[in-house]
Amino acid sequence: MSQRSCLSVILAAGEGTRMKSAMPKVLHAIAGLPMVAHVVKAAEAAGATGLALVIGHGTEEMRKAAQKFAPKAQTFVQEKRLGTAHAVLAARQAISKGYDDVLVMFGDTPLIDAQALASARQKLAEGAAVAVIGFRPPSPVGYGRLIEKDGRLVAIREEKDCSEDEKKIGFCNAGMMAVAGKHALQLLDKVGNKNAKGEFYLTDIVEIADAEGLDVVATEASFENALGINNRAELAEAEAIWQTRRRREAMLAGVTLIAPETVYFSHDTEIGADTVVEPNVWFGPGVRIAAGAKIHAFSHIEGATIASNCDVGPFARLRPGADLKQKAKVGNFCEVKQATIEEGAKVNHLTYIGDARVGAGANIGAGTITCNYDGYSKFFTDIGEGVFVGSNSSLVAPVTIGKGGYIASGSVITESVPDDALAFGRARQKTIPGKGKELRERFASAAAARKKAAE
Ligand code: UD1
Ligand code: CA
């Protein structure tokens with residue numbers, strides 16, 4: 001099948017008013033990726049070689065977004081929403097290029113998997129002119145029904161046009177279908193709008209093709225595949241299903257999730273075998289974790305690269321550009337941004353490391369802060385191999401601490417420190433014998449005098 005060319009036409013012209021959003025519906029995200037981008041990914045995984053995106057609402061925003069998630073897609077504007085067949089025909093110019101298969105998909109049905117699409121394409125490879133993806137929802141109300149006769153699919157009837165008997169059919173149209181490219185335009189051009197809604201229904205091509213003696217078939221997919229998103233409750237439902245699928249996939253690939261239902265993946269999270277993820281961990285976009293890492297509870301990680309055998313959290317925050325090399329450790333209440341933590345270095349407690357490098361084997365004490373920003377620009381802190389930074393130190397960038405350097409705790413370091421030097425950057429301690437006792441007595445008698453005056 002792989003040698004057959006395939007155009008995916010993705011319908012996304014709907015307004016999506018029920019989202020109650022200023023943003024087009026199909027740009028709302030699942031696992032951090034616009035739902036229409038999930039549809040694009042499924043199309044590509046099913047072998048689509050061309051992509052046509054039919055838009056009609058928020059066109060500029062849609063075009064801009066499409067450049068990111070589907071740079072090769074051609075966009076077509078459907079000026080008036082006259083129905084699904086009309087929408088597909090908005091992409092006439094792409095269809096007329098003569099693809100073997102035309103795969104019609106909906107931008108608001110993000111959980112469709114490549115397998116369901118590939119099965120429909122397979123039917124075309126076997127000679128069908130139209131292959132409709134069907135499913136059996138818990139309740140068929142609102143869906144188009146698949147009307148079969150002698151084992152053939154002869155029509156799809158929309159709910160509003162169904163007879164009482166047809167309404168009893170449980171096998172429904174998921175909405176998506178594969179159409180042989182050589183028949184697509186002539187079938188679509190024959191679709192009229194004489195129905196209850198006065199729309200040009202894509203589904204009518206089933207009856208038209210059957211009447212022409214062409215082979216029309218239905219394949220069956222699971223309910224999830226056809227889940228359409230109309231409001232934010234359904235968006236959350238789709239997110240939950242997506243996360244469940246991804247967690248299972250991670251576990252089957254060798255990742256331990258102690259409480260899988262509390263771990264949230266991004267669409268692009270990469271995570272190696274034998275990594276253990278404790279409960280309540282959030283992965284934002286751009287995270288890559290090698291094998292054998294430990295991610296402790298309540299960590300928030302995005303845009304970070306974590307090498308093998310690293311130890312992260314609990315309560316760690318890794319922001320974009322955090323790059324942890326082998327066996328690095330970032331402990332509780334630490335934030336790392338745009339910084340490399342070299343092999344075996346430790347940033348264990350209550351620390352901010354931003355725009356920095358922490359050399360191999362260095363030890364960063366509790367409460368250390370890289371002061372990387374003066375309100376206008378960001379500056380770099382370079383901490384050499386084997387450095388020891390005492391607790392509660394401020395490293396004011398730009399600053400370099402040479403290999404083997406030693407920073408006394410409580411220091412404010414504003415000048416670079418050479419290799420193997422000891423640096424203090426704090427006031428010297430003064431100790432006055434007996435002064436503590438004297439102060440205490442003075443304060444106590446002042447308090448007693450005030451109390452007496454108030455009586
Ligand atoms: C459609 C199917 C129905 C199926 C159901 C599954 C038709 C006629 N009906 O019905 O059989 O059971 O999906 O969810 O195809 N769109 C446009 N331009 C238009 C009209 C629609 O881009 O002019 C897009 C919408 O944005 C949406 C998709 O096409 O993404 C489906 O349209 P919608 O109106 O939701 O179709 P349904 O009535 O749900
Ligand atoms: Ca719909």
Side-chain angles (χ1 to χ4, degrees), residues 4-14 36 39 43 46 48-56 73-109 112 117 120-121 123-125 127-134 143-147 152-158 160-161 172-219 226 228:
R4 290 174 68 92
S5 63
C6 174
L7 173 72
S8 161
V9 180
I10 298 173
L11 308 189
V36 62
V39 176
T49 47
L51 282 173
L53 198 55
V54 179
I55 59 179
Q74 241 189 310
T75 48
F76 296 92
V77 177
Q78 183 195 22
E79 298 290 351
K80 279 190 195 152
R81 291 193 61 211
L82 301 180
T84 43
H86 181 260
V88 177
L89 281 172
R92 180 188 293 276
Q93 182 255 337
I95 299 168
S96 67
K97 282 182 189 158
Y99 288 87
D100 294 319
D101 302 348
V102 175
L103 204 47
V104 180
M105 300 164 72
F106 292 169
D108 63 357
T109 307
I112 179 74
L117 299 169
R121 286 193 64 203
K123 296 293 177 191
L124 300 189
V130 181
V132 174
I133 301 177
Y143 293 107
R145 309 299 205 282
L146 300 188
I147 317 273
R152 286 182 306 132
L153 179 65
V154 295
I156 301 178
R157 200 88 75 226
E158 291 307 296
K160 284 188 174 164
D161 302 301
C172 294
N173 176 24
M176 294 144 286
M177 60 176 81
V179 186
K182 62 181 172 198
H183 298 299
L185 286 177
Q186 65 96 2
L187 291 173
L188 286 161
D189 279 329
K190 286 185 186 130
V191 172
N193 64 350
K194 291 202 177 60
N195 51 55
K197 277 170 97 181
E199 286 187 0
F200 294 88
Y201 289 160
L202 169 65
T203 45
D204 282 359
I205 69 168
V206 168
E207 215 163 343
I208 297 166
D210 184 65
E212 290 182 9
L214 295 169
D215 196 13
V216 184
V217 297
T219 61

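Worth saying up front: this structure is predicted, and the values here are computed from it rather than measured.
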S.K.: For Tyr99, what residues pass the ring pair (Phe, Tyr, Trp, His ring centres under 6.0 Å) criterion, not counting sequence neighbours?
M.R.: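 Residues passing ring pair (Phe, Tyr, Trp, His ring centres under 6.0 Å) with Tyr99: none at all.
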S.K.: If you look at every heavy atom in Val54 and Ala91, which pair is closest and at what distance?
M.R.: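 Minimum heavy-atom separation between Val54 and Ala91: CG2-CB, 4.3 Å.
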S.K.: State which residues pass side chain to side chain contact (heavy atoms under 4.5 Å, CB included) with Glu207; sequence neighbours excluded, sorted by chain then number.
M.R.: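 Scan of Glu207 (side chain to side chain contact (heavy atoms under 4.5 Å, CB included), adjacent residues dropped) gives Ala155, Arg157.
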S.K.: How far does CG of Leu103 sit from CE of Met176, to the nearest 0.5 angstrom?
M.R.: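 Reported value, rounded in 0.5 Å steps: 9.5 Å.
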S.K.: Nearest 0.5 Å, what's the CG-CG distance between Asp101 and Leu7?
M.R.: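 The CG atom of Leu7 is 10.0 Å from CG of Asp101, to the nearest 0.5 Å.
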S.K.: Using the side chain to side chain donor-acceptor pair (under 3.5 Å) criterion, which residues pair with Asp215? Sequence neighbours excluded.
M.R.: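 For Asp215 there are no side chain to side chain donor-acceptor pair (under 3.5 Å) partners, ignoring immediate neighbours.
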S.K.: If you round to the nearest 0.5 Å, how far is CG of Asp204 from CD of Glu158?
M.R.: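 If we round to the nearest 0.5 Å, Glu158:CD and Asp204:CG are 8.0 Å apart.
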S.K.: Kindly give the heavy-atom pair with the smallest separation between Thr109 and Gly228, and that separation in Å.
M.R.: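 So the two residues come closest at OG1-CA, 4.1 Å.
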S.K.: So which heavy atom on Arg121 is nearest to which on Ala46, and how close?
M.R.: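 Between these two residues, the closest heavy atoms are NH1-O, 2.8 Å.
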S.K.: Write down the atom of Phe106, the atom of Ile10, and the distance for their closest heavy-atom approach.
M.R.: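 Shortest heavy-atom contact: C-CG2, 4.2 Å.
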S.K.: Say whether His86 and Glu199, considering side chains only, have a donor N or O and an acceptor N or O under 3.5 Å apart.
M.R.: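 Short answer, no.
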S.K.: Would Phe200 and Leu188 count as a side chain to side chain contact (heavy atoms under 4.5 Å, CB included) here? Give the steps.
M.R.: CA-CA 9 Å; Phe200 294 88; Leu188 286 161; over 6 Å; no
S.K.: Between Arg145 and Tyr143, what is the shortest heavy-atom contact and its length?
M.R.: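 Smallest heavy-atom distance, with atoms named: NH1-O, 2.8 Å.
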S.K.: For Leu11 and Val9, run side chain to side chain contact (heavy atoms under 4.5 Å, CB included): C-alpha distance rounded to whole Å, both residues' side-chain angles, the deciding distance at 0.1 Å, then the answer.
M.R.: CA-CA 6 Å; Leu11 308 189; Val9 180; 4.0 Å; yes
S.K.: Side chain to side chain donor-acceptor pair (under 3.5 Å) with Gln93: which residues, sequence neighbours excluded?
M.R.: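 Listed in chain order: Gln74.
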S.K.: Run Leu185 and Ser96 through side chain to side chain contact (heavy atoms under 4.5 Å, CB included) and show every step you take.
M.R.: CA-CA 7 Å; Leu185 286 177; Ser96 67; 3.8 Å; yes
S.K.: Of the non-hydrogen atoms in Ala196 and Lys160, which two are nearest, and what is the gap between them?
M.R.: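 Minimum heavy-atom separation between Ala196 and Lys160: CB-CB, 3.7 Å.
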S.K.: Run the side chain to side chain contact (heavy atoms under 4.5 Å, CB included) test against His183 and tell me which residues pass, sequence neighbours left out.
M.R.: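 Per chain and number, His183 pairs via side chain to side chain contact (heavy atoms under 4.5 Å, CB included) with Ala129, Ala180, Gln186, Leu187, Leu214.
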S.K.: Mind jotting down which residue pairs meet the salt bridge (Lys or Arg N to Asp or Glu O under 4.0 Å) criterion with at least one end in residues 83-97? Sequence neighbours excluded, please.
M.R.: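 Of all non-adjacent pairs touching residues 83-97, those that pass salt bridge (Lys or Arg N to Asp or Glu O under 4.0 Å) are Arg92-Asp189.
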S.K.: So, Glu212 and Lys190, do they make that salt bridge, N to O below 4.0 Å?
M.R.: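 Yes, Glu212 and Lys190 are salt-bridged.
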